[in-house]
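From a predicted model like this one, the values you see are computed outputs, not experimental measurements. So you know, we letter chains A, B, ... as the sequences are listed, proteins then strands, and number each from 1.
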Protein chains: 2
Amino acid sequence: MKRSIEELISYLKERELRPSYQRLKILGYLLENRNHPTADEIYESLHSEIPTLSKSTVYNSLNVFVQARLVKQLTIEDSDTRYDIVTQDHGHFKCELCGRIYNFKINIDGSDTPDLKGFNIKDRNVNFTGTCPSCLKGKEIRGR
Amino acid sequence: MKRSIEELISYLKERELRPSYQRLKILGYLLENRNHPTADEIYESLHSEIPTLSKSTVYNSLNVFVQARLVKQLTIEDSDTRYDIVTQDHGHFKCELCGRIYNFKINIDGSDTPDLKGFNIKDRNVNFTGTCPSCLKGKEIRGR
DNA sequence: TATAAAATAAGAATGGTTCTTATTTTAAAC
DNA sequence: GTTTAAAATAAGAACCATTCTTATTTTATA
């Protein structure tokens, strides 16, 4: 269900970020599209709605959101930077066939990892790649 | 201890990769420098030794090594692509102050993760960022 | 309403990586 | 050792994701 504008404004004001129209749209997009979009996907989608939207604005806004810990930036493979509105630690699985990204629950915070004794952990990323059940099923059916 | 040329040649031949001089040097570099270097770091280092070495060759060789699963490509944050000769699953911790990358042992293969039931997992990456003990110590001493 | 600070627009610039093509190197066959 | 085909390299152009620059617009405060 779509968030109200007031909710989105709150999101930003709580973090002392000015709620410009563009920022609200970008934030709204991330809340409605939890498929870890790239900056380009966000831009392409909103650009049709806001013809004057600048790609610089999208990048700038995303960077500001990441800085404010409102959004999480993730790179699962290559230099494929994506954004996630769910900032609590969780894993990401990327299917190499269809490219879809699945979230999964993780139980790893590193505090009990001997190798990391004395380290101050700020961010945790768990990223897997492989083949999802849908694509595995497709392969089997095609007899590959 | 430096690996013999014969060992390096074996590494490549086992995977049906032609052991050109440049490839042997790049592979040797990764074995001797297990600090997850970037392509540029590898290039800059070897370039003084092989003045005609091309950056394309470094990228090409690294990509071929990754393809052959001889080397692992990792991206801990941003679009900071690095290479690791240790291909067994393990975690990486990157210090945001000094930039150093630490390896740590992980106990996560996903086979017991309910959310990933039916998935075929090919690669696992666990990446943390934060502050390492050395930098934390430095901060304390400076009274920050 | 006025004003200062922040954000945006638009495109230039940057830099990491890939592409292109001529040349060189490798390896197999003889 | 020579020949030859295939693979790899060199060198720089090209690409593209992202950042930078600066004039203009928007936001928020007084």
Side-chain angles (χ1 to χ4, degrees), chain A residues 5-6 8-27 29 36-68 70-71 73-83 99, chain B residues 5-6 8-27 29 36-68 70-71 73-83 99:
Chain A
I5 290 298
E6 288 73 29
L8 300 185
I9 292 175
S10 277
Y11 251 97
L12 295 176
K13 288 203 162 197
E14 276 160 23
R15 292 162 179 84
E16 303 196 348
L17 300 178
R18 291 188 176 191
S20 65
Y21 176 70
Q22 292 85 350
R23 285 182 177 179
L24 294 172
K25 297 298 283 187
I26 292 165
L27 191 57
Y29 183 91
H36 321 80
T38 62
D40 188 57
E41 284 163 358
I42 298 170
Y43 172 75
E44 288 302 330
S45 183
L46 293 177
H47 187 58
S48 52
E49 212 178 313
I50 314 171
T52 60
L53 181 68
S54 164
K55 203 160 194 184
S56 306
T57 300
V58 174
Y59 274 103
N60 183 269
S61 300
L62 289 171
N63 288 338
V64 157
F65 293 165
V66 169
Q67 213 81 51
L70 186 50
V71 160
Q73 181 177 61
L74 56 99
T75 308
I76 299 173
E77 62 174 2
D78 305 326
S79 298
D80 181 45
T81 307
R82 296 172 173 276
Y83 298 86
Chain B
I5 290 298
E6 289 73 30
L8 299 185
I9 290 173
S10 277
Y11 251 96
L12 295 177
K13 289 203 165 195
E14 276 161 22
R15 293 164 179 81
E16 304 197 344
L17 301 178
R18 291 188 176 192
S20 67
Y21 177 69
Q22 292 84 352
R23 284 182 177 179
L24 294 171
K25 297 300 285 188
I26 291 166
L27 191 59
Y29 182 91
H36 322 83
T38 62
D40 190 57
E41 283 163 0
I42 298 169
Y43 172 75
E44 288 303 329
S45 183
L46 294 178
H47 188 56
S48 52
E49 210 176 315
I50 315 170
T52 60
L53 182 66
S54 165
K55 202 159 194 185
S56 306
T57 300
V58 175
Y59 273 104
N60 183 271
S61 299
L62 289 171
N63 288 337
V64 158
F65 293 165
V66 169
Q67 214 80 50
L70 186 50
V71 158
Q73 182 178 59
L74 56 99
T75 311
I76 299 173
E77 64 175 0
D78 305 326
S79 298
D80 182 44
T81 307
R82 297 172 171 276
Y83 299 87

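For the pair A/Thr57 and C/dA9, the criterion of a side-chain N or O lying under 4.0 Å from OP1 or OP2 is met. OP1 or OP2 of D/dT9 sits under 4.0 Å from a side-chain N or O of B/Asn60. At D/dA28, none of the side-chain N or O atoms of A/Arg18 fall inside 4.0 Å of OP1 or OP2 (strictly under the cut-off).
The interatomic distance linking B/Leu12 (CG) with C/dT26 (C1') rounds to 13 Å, in whole Å. The distance from atom CG of B/Leu17 to atom C1' of D/dT9 is 15 Å, rounded to the nearest whole Å. Rounded to a whole Å, the CD atom of B/Glu41 is 11 Å from the P atom of C/dG16. D/dA7 atom P lies 17 Å from atom CD of B/Gln22, rounded to whole Å. Remark: P of D/dA8 and CD1 of B/Ile26 are 12 Å apart, rounded to the nearest angstrom. As a whole-Å value, the separation of A/Glu16 CD from D/dT29 P is 11 Å. Remark: P of D/dT18 and CG of A/Asn63 are 9 Å apart, rounded to the nearest angstrom. In this structure, B/Ile42 atom CD1 and C/dG16 atom P are separated by 14 Å, rounded to whole Å.
Checked against C/dA7, D/dT9, D/dA10, the side chain of B/Arg23 finds its nearest nucleotide in D/dT9. Nearest to the side chain of A/Ser61, among D/dA10, D/dT18, C/dT8, sits C/dT8. The nucleotide whose nearest atom lies closest to any side-chain atom of B/Ser20 is, among D/dT19, C/dT17, D/dT9, D/dT9. Distances from the side chain of A/Thr52 to the nucleotides C/dA9, D/dT18, D/dT27 place C/dA9 closest. When each of D/dA10, C/dG16, C/dT8 is scored by its nearest atom to the side-chain atoms of B/Tyr59, the top-ranked nucleotide is C/dG16.
Here B/Ser61 contributes atom OG and B/Leu27 contributes atom CG; the two are 9.5 Å apart, rounded to the nearest 0.5 Å. For the atom pair B/Glu77 CD and B/Arg82 CZ, the distance stands at 9.0 Å (nearest 0.5 Å).
Heavy atoms of other residues, nucleotides or ligands lying less than 6.0 angstrom from CD of A/Glu14 number more than 12.
If you check every strand for non-hydrogen atoms under 4.0 Å, B/Thr81 touches sugar and phosphate atoms only. A/Asp40 comes within 4.0 angstrom of no nucleic acid atom, judged by non-hydrogen atoms across all strands.
Residue side chain A/Ser56 reaches the base of C/dG11 through a donor-acceptor N/O pair under 3.5 Å, judged by distance alone.
Screening A/Ile42, A/Leu24, A/Val58 for a side chain to side chain contact (heavy atoms under 4.5 Å, CB included) involving A/Tyr29 leaves a single residue, A/Ile42.
Summary of the strand contacts: B/Lys55 and B/Lys13 both lie near DNA chain C, and taking for each the nucleotide with the nearest heavy atom, the more 5' one is attributed to B/Lys55.
No donor-acceptor pair closer than 3.5 Å links the side chain of B/Thr75 to the backbone N or O of B/Thr81.
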